[in-house]
Amino acid sequence: ILAVGESAAPVAHAGDTVEIEFRALHIASGASPSEFDSSAGRGGPLRVPLTDGSAVPGLLRGLEGLRVGDVARIEIPAELGYGAPGRGPIPG
């Protein structure tokens, strides 16, 4: 967690739906990070149901336990994303 939000806010749990502002970056060894998705590019926050199949497992795991206003860096390895080949614009 990079910045703590509202300490009195409830913690996000499996089954909840959360709204997130995000920047998705691909960080390859020895290369500069490259953005491949963002809430700004989508026109606003993304609603994410914290249920299996709604998003990649790494994102679901990373969002659980956060509170309103928390700023977090969630690193998702390929095996908790779309695997080594990736999917569309999302790299492995």
Side-chain angles (χ1 to χ4, degrees):
I1 295 181
L2 304 174
V4 177
E6 299 175 20
S7 61
V11 172
H13 294 287
D16 292 343
T17 297
V18 298
E19 283 192 355
I20 61 170
E21 296 278 352
F22 72 96
R23 287 184 60 217
L25 305 172
H26 179 240
I27 303 172
S29 179
S32 295
S34 61
E35 184 175 298
F36 61 86
D37 197 3
S38 71
S39 53
R42 291 173 176 248
L46 178 67
R47 290 181 57 83
V48 181
L50 301 182
T51 57
D52 288 342
S54 66
V56 296
L59 180 60
L60 298 177
R61 287 184 190 181
L63 292 174
E64 285 185 34
L66 296 181
R67 298 175 189 269
V68 172
D70 282 351
V71 177
R73 177 180 173 152
I74 302 170
E75 295 185 23
I76 303 173
E79 61 271 13
L80 293 177
Y82 292 114
R87 179 191 236 175
I90 302 171

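Following chains of ILVMFWY side-chain contacts shorter than 4.5 Å, one cannot reach F36 starting from L25, and the two form parts of different hydrophobic clusters. The cluster map of Ile, Leu, Val, Met, Phe, Trp and Tyr, joined by side-chain heavy atoms under 4.5 Å apart, puts I1 and L63 in the same cluster. Tracing side-chain contacts under 4.5 Å through hydrophobic residues (I, L, V, M, F, W, Y), one reaches L66 starting from V4; they form part of the same cluster.
Pairs passing the salt bridge (charged side-chain N to carboxylate O under 4.0 Å, His left out) check and including a residue from residues 3-13, sequence neighbours excluded, do not occur. Screening residues 59-72 for side-chain hydrogen bond (donor to acceptor under 3.5 Å, both in side chains), with sequence neighbours left out, gives no hits. Listed by first and then second residue, the salt bridge (charged side-chain N to carboxylate O under 4.0 Å, His left out) pairs that reach into residues 74-84 are R73-E75, sequence neighbours excluded.
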Can you list, pair by pair, the side-chain donor-acceptor contacts under 3.5 Å of residues 41-54, counting residues two or more places apart and other chains?
| from | atom 1 | to | atom 2 | distance (Å) |
| --- | --- | --- | --- | --- |
| R42 | NE | D37 | OD1 | 3.1 |
| R42 | NE | D37 | OD2 | 3.3 |
| R42 | NH2 | D37 | OD2 | 2.7 |
| R47 | NH1 | E19 | OE2 | 3.4 |
| S54 | OG | P49 | O | 2.4 |
| S54 | OG | T51 | O | 2.8 |

Quick one: side chains of residues 83-92, donor-acceptor pairs under 3.5 Å with protein atoms, not counting sequence neighbours, listed by atom name and distance.
| from | atom 1 | to | atom 2 | distance (Å) |
| --- | --- | --- | --- | --- |
| R87 | NH1 | Y82 | OH | 3.4 |

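Closest heavy-atom contact between G58 and I74: O-CG2, 3.9 Å. The nearest pair of heavy atoms linking I76 to L80 is CG2-O, 3.6 Å.
With sequence neighbours excluded, the residues forming a side-chain contact (heavy atoms from CB on, under 4.5 Å) with A28 are H26, A31, listed by chain and number.
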